[in-house]
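I have a structure here, written as structure tokens, and I will follow up with some questions on it.
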There are 2 protein chains.
Amino acid sequence: MIDSAEPQSSLRRALGLLRLVGAAEASGIRLKDLAEQAGCSQPTAHRALQDLAAEGFVEQVGKRYRLALDFFVLAARAGHADGLRDLAKPVLLRLSATLTDTIFLLVRNGYEAVCLDRIEGPFPIRSFTGDIGGKVPLGLGQGSLAILAHLPEPEREAVIRFNVPRLLDRGFLDEAALRVELEKARAQGWVNLNTGLIPGMAGLGVPVFDAQGRAVAALSVGTLADRLRPERLPGVVAILKAEAASLGAMLNPFDTALRHPSRSLSAVA
Amino acid sequence: MIDSAEPQSSLRRALGLLRLVGAAEASGIRLKDLAEQAGCSQPTAHRALQDLAAEGFVEQVGKRYRLALDFFVLAARAGHADGLRDLAKPVLLRLSATLTDTIFLLVRNGYEAVCLDRIEGPFPIRSFTGDIGGKVPLGLGQGSLAILAHLPEPEREAVIRFNVPRLLDRGFLDEAALRVELEKARAQGWVNLNTGLIPGMAGLGVPVFDAQGRAVAALSVGTLADRLRPERLPGVVAILKAEAASLGAMLNPFDTALRHPSRSLSAVA
DNA sequence: CAACAAATTTCATATAACGGAATTATTGAT
DNA sequence: ATCAATAATTCCGTTATATGAAATTTGTTG
């Protein structure tokens, strides 16, 4: 699949290759296929990969390229995104200890929600975002929906327009159903969809507002549906909302608005 | 600080810039300083940063550049390298539930051990590797030592030669003491050093062998020294070893040998 | 508001990135 | 084992684009 908007600089090209390498799973990807998918010649891809490898971003195992562990390390050593993860760590730990369920921290990034951190509960949870670093379109999943619901109107509409087709692709809500859920979410201030990934599992998400009152993140829990029945649910909601508020209060005034809309799109395509 | 080995390609230069951006804390770094540290002109740095930003790897907040979420998202995939992290997840969850202590998954990467995953226990643990993505020289810390001890002889010797100075630098074991520990580790098949980072804390590590019988990873627990006293310790060892065996059995035959030794070295310097 | 410093743009030049073609290595089939 | 066939890598003449000096704009500070 060749992108229509060809990057003109060698750097853009190389970063595109890096992305493709990342998209290939653990088994890695061959030079030939990389070149083809990136729409560049094989020698070009080869040279770029050599440089990428020399800098420790990719590694070559056999004839396949994959992301190098050093890359992972590099990101880990780097100052975390905006410190949100560090700020949120105690919050997540508290929630995890209190609720003994799996806790997620999502942040908004353009048209997506990204799982910034997650603390595992006693049972394995499969969420739409998957593990740390996973992405979902805004609107899919409880935390993601919570963020979307509390975005300022025009932005929300822009995201909806953009995401509805993608949500449909993933067999999720159509626009009407989505709007109903958003309305409900906005009214009650939290999201509790039963539309889990696995029957019997359920989740609950609340938005986190920054100093400007923007919904920049969400906290959510994923657990057995049994554990979110009417007698326990209100308590969990209260606890989550309290922690979300305390996290919001710690946020420094930084803009986390739409940033790379075009890229976000193609990254999902 | 200007590197002596100037990368000749624009890509290498740009990746160097990316690295520098990563090295800067969350507050970001100014173009001027980037250009200076990278040893290139300001316009050059500027153009590279524009491209990096367009691809979503860095973001510009005010006049400072810092790593953007897309970078972290991509890097998170690097951890899945050979799928070990996914394979190990249930193992870690089980261990965490059974032992209610902090559990670590370390993998070997050249002369280092990297913390691939970690599940938090009830008390905060400070480990040598720190959080997920952290690195330590092989030989420092229980899990790291467990890996080193079970490496094939020639490789082990190479690593020891390489790492001893670094271990000394960090005020750890000298070569003689290290060899004693390695011998003990190899004899009993697990590591239980009291040389914790914090008095009163202790840890225990066991190696994970791949299909070829190579020590590619380690599982370890970090907890209060009290919780590893003679009456509980053997049980914990047994559980850890059992899980390490089951994890090892799941490993697909992939070579995780020395890969970027030079890079590993400079990354630590 | 002036004076400065940093960011960004412009531009002519040189470089190093490009792809086609040739070469070498690897893989698969007989 | 030998021989295709396919992919990786190297060569090389051409050209695109990356480059730094200098100019321009922006915004910061006294």
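Side-chain atoms are counted along with the backbone in the values below, which use heavy atoms only and exclude waters and symmetry mates. Keep in mind it's a predicted model, so treat the numbers as computed, not measured.
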*What's the CG-P distance between A:Leu31 and C:dA25, to the nearest Å?*
17 Å
*What residues form a side chain to side chain donor-acceptor pair (under 3.5 Å) with A:Arg161, not counting sequence neighbours?*
none
Pairs under 3.5 angstrom, nitrogen or oxygen only, protein versus nucleotides 15-22 of chain C, please.
residue : atom : partner : partner atom : Å
C:dA17  : OP1  : B:Ser10 : N            : 3.1
C:dA17  : OP1  : B:Ser10 : OG           : 3.3
C:dC18  : OP1  : A:Arg13 : NE           : 2.6
C:dC18  : OP1  : A:Arg13 : NH2          : 3.0
C:dG19  : OP2  : A:Ser41 : OG           : 2.6
C:dG19  : OP2  : A:Thr44 : OG1          : 2.0
C:dG19  : O6   : A:Arg47 : NH1          : 3.3

*With salt bridge (Lys or Arg N to Asp or Glu O under 4.0 Å) as the test, would you mind laying out the steps for B:Asp70 and A:Lys135 before giving the verdict?*
CA-CA 10 Å; B:Asp70 270 10; A:Lys135 269 182 173 177; 3.5 Å; yes
*Toward the 5' end of DNA chain D, which comes first, B:Lys63 or A:His46, by nearest nucleotide?*
A:His46
*What salt bridge (charged side-chain N to carboxylate O under 4.0 Å, His left out) pairs are there with at least one residue in residues 145-154 of chain A, not counting sequence neighbours?*
A:Glu153-A:Arg156
*Return the set of residues passing salt bridge (charged side-chain N to carboxylate O under 4.0 Å, His left out) with A:Asp117 (not counting sequence neighbours), or none when no residue passes.*
A:Arg85, A:Lys89
*Specify whether B:Phe209 and B:His150 have parallel, tilted or perpendicular ring planes, treating 30° as the upper limit for parallel and 60° as the lower limit for perpendicular.*
perpendicular
_As a test of reading the structure: which of C:dA7, D:dT9, C:dT8 is closest to the side chain of B:Lys32, going by heavy atoms?_
C:dA7
*Quick one: salt bridge (charged side-chain N to carboxylate O under 4.0 Å, His left out) partners of A:Asp33, sequence neighbours excluded?*
A:Arg30
*OP1 or OP2 of C:dT8 less than 4.0 angstrom from a side-chain nitrogen or oxygen of B:Gln60, does that happen here?*
yes
_So if I take the C1' atoms of five pairs at each end of the helix from C:dC1-D:dG30 to C:dT30-D:dA1 and get each local axis, what angle do the two axes make, rounded to 10 degrees?_
60°
